[in-house]
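The structure appears below as structure tokens.
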Amino acid sequence: MHPVSKRSISILLFENPSGAFCTSSSRRGFSSPPISHLLKKCSTVSQLKQVHAHLIVNSPPTSLPSSLRGSLICSYASLGGVAYAAILFDRFPSLPSILLWNSMIQGYSKTTAPQQSLRLFQQMLLIGVTPDDYTFTFAITACSRYGSFKSGECVHGLARKSGFVFNQFVGNALVSFYSFFSRSSDAQKLFDEMPLRDVFSWTSLIRGYVNAGDLAAAKEIFKEMPDPNDVTWAVVIAGYVSHHRYSDALRCFRDLLQQHPKVKPNEAIFVCVLSACAHLGALDQGRWAHAYIDKIHFRKSSNIYTALIDMYAKCGRIDSAKEIFDKFHSKDILTWTSMISGLGMHGHGQEALRLFYQLVSLGIKPDGVTLLGVLNGCSHSGLVDEGCHIFDNMIHLWGVVPKIEHYGCFIDLLSRGGCPEKAFEVVKTMPMIPDIVIWRCLLSACRIHGNVHLGQQIVDHIAQMATGSHSGGHTLLSNLYASMGQWDKVAKVRKSMEGRRIDWAPGCSCIEINGVVHEFLSADKFHPLIKEIREKLDEVLRRLSGEGYYIPNTTPVLFDLVEEEKVQAVAWHSEKLAVALGLMTTEEGTPIRITKNLRICEDCHAAMKGVSEVYKREIVVRDRSRFHTFKSGNCTCLNYW
DNA sequence: CGTGAGCACT
């Protein structure tokens, strides 16, 4: 290690080289706050080594103050410089003090190997070093990060014996630990026993209820708590997002801005809000959030850029997404991934591939999600050879072991690309149990290609497996028989399912009009204008049929209804209701954007084409897997989805 | 030397 001048360190670590660090640190010496501040600013081991070198030049290693040695150990360990941390920890004349143990345990808890913290904790107990409140705090945090509930309970027991459970930090760490594992009642119990509660305790408790899925309880506690801060709000908003309650998340955000001006929204909140807009396809609100971020001059990190790109892509504005992507210069793997996935779902497979190889050539390693995005892009653009090449080389080129979702994508690629037999072979030989998604995409390919023989073979295969205990197979099987019109078999499967809970995701479509998101369920009864909307829809469908653009197609209906009832069920699919509202409330010629939670059915797809031609409207439908842009009677998916 | 939050996905 060679010494580095103070000035170059300050240039390295601060944006302003003539900043306060140089003068203040030389005046106050090493134990002054600026040095520990500086250590925290280091984000790589090599930066840390430079600061370290600078310290050694000014004082021999053995005389480094203990607290500084602790900071260094902690920083080295947490940045992955385990070897350096270990040298500072045990190659000194004096035995490591409790402070150094704690630094070591804390440092490891932040790495990808937090179990090392627990190993050290165990070791110190074995050689008779008495842990203190700091030790317990770090050890418990390590248990959450390590994902070991058992070890956490064990540490909790030790903390109780030694009386440290009543320490503020240890107590908070424990509440957070139980909340992390969704054990809201355990977290509540600890919370109730705490002598003092602060914003950390409350926030962790709320997080526990959110994780456990009890949003109502989380909301109650949130209302009760004294002074929620930005992190508390982030937990609540993220809670709504994680339970797919996107409109509630946006409502909560508006409430924060309007009723609580003292709390300033932070990065996590903006990311969640943009994500909610993305899921809803709420372009106006997404734009508004974007404008708000710019208005308050919020520093846009790569996370914010990623969320913006994702939002614009999922709201149908791939052009805006690209613009942001091109202008941003410190892209990380997430930024690239959201752009690649966005291009893929818009059917711009070639461009997704181009970006993907550009990323690779920059020496950045794509991860599993990036590969999923690019494979998905290939499958939606029919780039079978390119997709196969990427899938076949995932492990040896990028070290990513394909998971079930990669297989799903690959099978989708093969079956759409005209090789359903090959896809079925992959399904039979893949190293995991195929899930519903995979069967569904195989079968839909058989249906599109009219390959009844293979379809029947697959259904038989599933029937064989469904006789086992997998109840998910039954629902799928019954739907499959229904889609082939084999109602006697449907009845048989349904009978064997009696008494079981069937989880049926209802179709749901969203349309945003003047910044208000309208949600429709299939055969919706709840929208205040539902009567008018249905009348409008009837009129639209009559006009389409009259002009020869649309014939009701009832194959997507999975229930055994008589024919007229089927026509009705298809007619009231949520996306048709949404498009009717769009036609009623927006000006002629403006595009209509709809977001749907399931895949669009053939009947709706045909109807949308008709509407785009007859009413001269561009209609953009985002379904579960991609974008469909309908224009003059055609769709960008080329009838392939 | 401390405790709480977020994104990309078949």
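Numbered from 1 within each chain, the chains take letters A, B, ... in sequence-line order. Atoms considered below: every heavy atom in the structure, side chains included; atoms not considered: hydrogens, waters and symmetry mates.
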Write down the distance between [atom1] ([X]) and [atom2] ([N]), rounded to a whole number of angstrom.
{"X": "A/N102", "N": "B/dG2", "atom1": "CG", "atom2": "C1'", "result": "10 Å"}
{"X": "A/H244", "N": "B/dC9", "atom1": "NE2", "atom2": "C1'", "result": "12 Å"}
{"X": "A/F89", "N": "B/dC1", "atom1": "CZ", "atom2": "P", "result": "17 Å"}
{"X": "A/F222", "N": "B/dG4", "atom1": "CZ", "atom2": "C1'", "result": "13 Å"}
{"X": "A/L343", "N": "B/dC9", "atom1": "CG", "atom2": "C1'", "result": "16 Å"}
{"X": "A/K110", "N": "B/dG4", "atom1": "NZ", "atom2": "P", "result": "11 Å"}
{"X": "A/W101", "N": "B/dC1", "atom1": "CH2", "atom2": "P", "result": "20 Å"}
{"X": "A/I73", "N": "B/dG2", "atom1": "CD1", "atom2": "C1'", "result": "17 Å"}

Contact class for [X] vs. all strands (heavy atom < 4.0 Å): base, sugar-phosphate, or nothing?
{"X": "A/N303", "answer": "base"}
{"X": "A/V199", "answer": "base"}
{"X": "A/S204", "answer": "sugar-phosphate"}
{"X": "A/V231", "answer": "base"}
{"X": "A/F138", "answer": "base"}
{"X": "A/C272", "answer": "sugar-phosphate"}
{"X": "A/N167", "answer": "base"}
{"X": "A/N229", "answer": "base"}
{"X": "A/A173", "answer": "nothing"}

Nearest to the [X] side chain among [options], which nucleotide is it?
{"X": "A/T203", "options": "B/dG6, B/dG4, B/dT3", "value": "B/dG4"}
{"X": "A/F200", "options": "B/dT10, B/dG4, B/dA8", "value": "B/dG4"}
{"X": "A/L372", "options": "B/dT10, B/dA8, B/dC1", "value": "B/dT10"}
{"X": "A/E267", "options": "B/dG2, B/dG6, B/dA8", "value": "B/dG6"}
{"X": "A/C409", "options": "B/dT10, B/dC9, B/dT3", "value": "B/dT10"}
{"X": "A/A268", "options": "B/dC9, B/dA5, B/dC1", "value": "B/dA5"}
{"X": "A/A234", "options": "B/dA8, B/dA5, B/dT10", "value": "B/dA5"}

- Query: Strictly under 6.0 Å, is that where the ring centroids of A/F169 and A/Y134 end up?
  - Reply: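 Between A/F169 and A/Y134, the centre distance exceeds or equals 6.0 Å.
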- Message: If you take the centroid of each ring, where Trp contributes its six-membered ring, are A/Y246 and A/Y240 closer together than 6.0 Å?
- Response: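 Ring centres of A/Y246 and A/Y240 not closer than 6.0 Å.
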Between [X] and [N], is there a side-chain N or O to OP1/OP2 distance below 4.0 Å?
{"X": "A/R207", "N": "B/dA5", "value": "yes"}
{"X": "A/S176", "N": "B/dG4", "value": "yes"}
{"X": "A/K300", "N": "B/dC7", "value": "no"}
{"X": "A/Q168", "N": "B/dG2", "value": "no"}
{"X": "A/R626", "N": "B/dC9", "value": "no"}

- Item | CG-OG distance between A/L371 and A/S341, expressed to the nearest 0.5 angstrom | 10.5 Å
- Going from CE on A/M104 to CG on A/L100, what distance comes out if it is rounded to the nearest 0.5 angstrom?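 It comes to 9.5 Å.
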- Donor + acceptor pair across side chains of A/Q285, A/R254 (<3.5 Å):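 The answer is yes; a qualifying pair exists.
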- Message: What I want to check is whether the side chains of A/Y312 and A/E323 have a donor and an acceptor closer together than 3.5 Å.
- Response: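 No, A/E323 and A/Y312 have no side-chain donor paired with an acceptor closer than 3.5 Å.
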- Centroid distance under 5.5 Å and plane angle under 30°, A/F169 vs B/dG2: yes
- Item | By ring-ring contact (aromatic ring centres under 6.0 Å, His included) - contacts of A/F177 (at least two apart) |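 Counting only residues at least two positions away or on another chain, A/F177 forms a ring-ring contact (aromatic ring centres under 6.0 Å, His included) with A/F149, A/F181.
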